[in-house]
Engineer: 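One structure is given below, represented as structure tokens, and several questions about it will come after.
Naming convention: chains lettered A, B, ... in sequence-line order (proteins, then strands); numbering from 1 in each chain.
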Number of protein chains: 2
Amino acid sequence: MSRQLPQPSRDSIDLVTVLAALADPVRLTLLRGMYASSGLVDCATVASGVDVSPPTVSHHYRVLREAGLTTTVAEGRRRSVTIRHDDLEARFPGLLAAVLTPTAAPGALAAPSRAAVL
Amino acid sequence: MSRQLPQPSRDSIDLVTVLAALADPVRLTLLRGMYASSGLVDCATVASGVDVSPPTVSHHYRVLREAGLTTTVAEGRRRSVTIRHDDLEARFPGLLAAVLTPTAAPGALAAPSRAAVL
DNA sequence: GGTACGCTTCGATGAATGTCAAAGTATTTG
DNA sequence: CAAATACTTTGACATTCATCGAAGCGTACC
């Protein structure tokens with residue numbers, strides 16, 4: 001069986017809480033790890049990219065879930081996680097893309113993209 | 001004369017720092033107060049919307065400026081402030097709009113999107 | 001020069017946060 | 001049942017943060 005861990009409803013997702021959840025390097029790394037995949041991803045796999053203890057990882061997953069950024073499902077003794085794309089897009093259009101889209105490095109510029117500003 | 005207060009260069013604007021600066025109700029209110037206006041806005045005018053002491057307002061303006069979100073210029077004993085639209089758009093396209101654009105209230109829904117839950 | 005004004009800095013304080021070790025819970029496996 | 005596995009919760013600790021009162025600083029005005 002798989003049970004879904006408690007999470008806020010779409011309408012109760014709060015912008016400040018979301019931003020606070022996003023404002024952490026570890027959580028940003030976790031989110032980037034799931035951003036590409038559209039479906040559920042194994043928590044441990046995603047967390048392999050970060051270098052903190054298991055309790056800390058667990059803590060960060062909880063913050064993400066309680067902020068409304070992710071959905072976590074427990075399957076046996078494994079956990080899988082996914083970004084709540086639809087809910088977040090409905091509440092704060094463009095936010096996830098703006099934060100999670102791999103930006104060109106500060107120095108590295110592609111073309112002096114003149115039209116990009118608009 | 002008017003002098004510009006120190007601020008990070010465009011390339012040294014850090015995403016996590018920006019998100020942390022955004023993750024505060026008071027600062028969000030201040031930013032919304034300047035978001036509409038395209039040019040410099042009087043600090044006191046913008047701050048009239050928040051209910052905290054002058055030292056706290058000053059603190060928040062500093063956080064915003066040091067994060068690279070705003071430019072502050074001192075003119076006499078007044079301060080004016082403006083959002084660094086261009087720099088932020090260059091570094092994190094769409095971020096400001098996603099955060100500062102007045103979203104429809106949580107309850108106000110466009111269509112009863114039945115499929116949204118999944 | 002002296003006073004009022006606008007804002008900042010300093011210092012303190014209470015609350016929140018990130019982190020980990022240790023213990024706990026639930027699930028799978030021998 | 002017992003042991004191992006995967007993750008969480010608890011407790012503690014150090015750090016950061018938002019806040020305000022008091023004092024400081026530069027500017028404007030009388």
Side-chain angles (χ1 to χ4, degrees), chain A residues 1-7 14-31 33-34 40-82, chain B residues 1-7 14-31 33-34 40-82:
Chain A
M1 300 308 307
S2 76
R3 64 195 173 89
Q4 183 180 112
L5 273 53
Q7 66 183 32
D14 174 63
L15 177 59
V16 173
T17 307
V18 165
L19 290 170
L22 291 171
D24 181 276
V26 174
R27 289 194 290 265
L28 236 31
T29 301
L30 293 177
L31 286 172
M34 23 182 143
L40 285 169
V41 192
D42 183 66
C43 275
T45 305
V46 174
S48 66
V50 306
D51 188 33
V52 287
S53 67
T56 302
V57 171
S58 182
H59 163 72
H60 285 304
Y61 273 127
R62 178 205 273 257
V63 171
L64 290 174
R65 176 173 50 85
E66 292 183 341
L69 281 164
T70 61
T71 293
T72 305
V73 301
E75 305 161 298
R77 56 188 175 187
R78 290 252 179 82
R79 267 107 233 262
S80 292
V81 69
T82 191
Chain B
M1 299 314 307
S2 76
R3 65 197 174 88
Q4 183 180 112
L5 272 54
Q7 67 183 31
D14 174 62
L15 177 58
V16 173
T17 307
V18 165
L19 289 171
L22 290 172
D24 180 277
V26 174
R27 289 194 289 266
L28 235 32
T29 301
L30 293 177
L31 285 172
M34 25 182 143
L40 286 169
V41 193
D42 183 66
C43 275
T45 305
V46 174
S48 66
V50 307
D51 189 32
V52 288
S53 68
T56 302
V57 172
S58 183
H59 162 72
H60 285 303
Y61 273 127
R62 178 205 274 256
V63 171
L64 291 174
R65 175 173 51 86
E66 292 183 341
L69 281 163
T70 60
T71 293
T72 304
V73 300
E75 305 162 297
R77 57 187 175 187
R78 290 250 179 82
R79 266 104 231 266
S80 292
V81 69
T82 192

Engineer: If you look at every strand shown and take non-hydrogen atoms under 4.0 Å, does B/H60 touch a base, only sugar-phosphate, or nothing?
Structural biologist: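 Since only primed, P, OP1 and OP2 atoms lie under 4.0 Å of B/H60, the category is sugar-phosphate.
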Engineer: How many Å lie between CG on A/L5 and C1' on D/dT8, as a whole number?
Structural biologist: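 Those two atoms, CG and C1', are 10 Å apart.
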Engineer: Want to settle it: does B/E75 or A/V57 sit nearer the 5' end of DNA chain D, counting the closest nucleotide to each?
Structural biologist: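 The residue whose closest nucleotide sits nearer the 5' end is A/V57.
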Engineer: Quick one: B/D24 CG to C/dT17 C1', roughly how many Å, whole number?
Structural biologist: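 These atoms are roughly 15 Å apart.
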Engineer: Given C/dG18, D/dT19, D/dT5, identify the nucleotide with an atom nearest to the side chain of A/R77.
Structural biologist: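 Side chain of A/R77 sits closest to D/dT5.
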Engineer: Which nucleotide in the list C/dT19, C/dA21, C/dT8 gets nearest to the side chain of A/P55?
Structural biologist: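 When the side chain of A/P55 is considered, C/dA21 is the closest of C/dT19, C/dA21, C/dT8.
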Engineer: Contact class for A/R3 vs. all strands (heavy atom < 4.0 Å): base, sugar-phosphate, or nothing?
Structural biologist: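 It contacts nothing in the nucleic acid.
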Engineer: Got a sec? Which of residues 43-54 of chain B come in under 4.0 Å of DNA chain D, heavy atoms?
Structural biologist: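 Under 4.0 Å from DNA chain D: B/V52, B/S53.
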Engineer: Does the side chain of B/T56 get closer than 4.0 angstrom to OP1 or OP2 of D/dA18 through an N or O atom?
Structural biologist: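 For B/T56, the contact criterion (side-chain N or O under 4.0 Å from OP1 or OP2 of D/dA18) is not met.
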Engineer: Which whole-number value in Å describes the distance from B/R78 CZ to C/dC5 C1'?
Structural biologist: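 Rounded to the whole Å, the gap is 10 Å.
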Engineer: Using atom CG of B/L64 as one end and atom P of D/dC17 as the other, report the distance to the nearest whole Å.
Structural biologist: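 Computing the B/L64:CG to D/dC17:P distance gives 14 Å.
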Engineer: Does B/R62 make a side-chain N or O approach to OP1 or OP2 of C/dC7 shorter than 4.0 Å?
Structural biologist: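 The answer is no; no side-chain N or O of B/R62 sits under 4.0 Å from OP1 or OP2.
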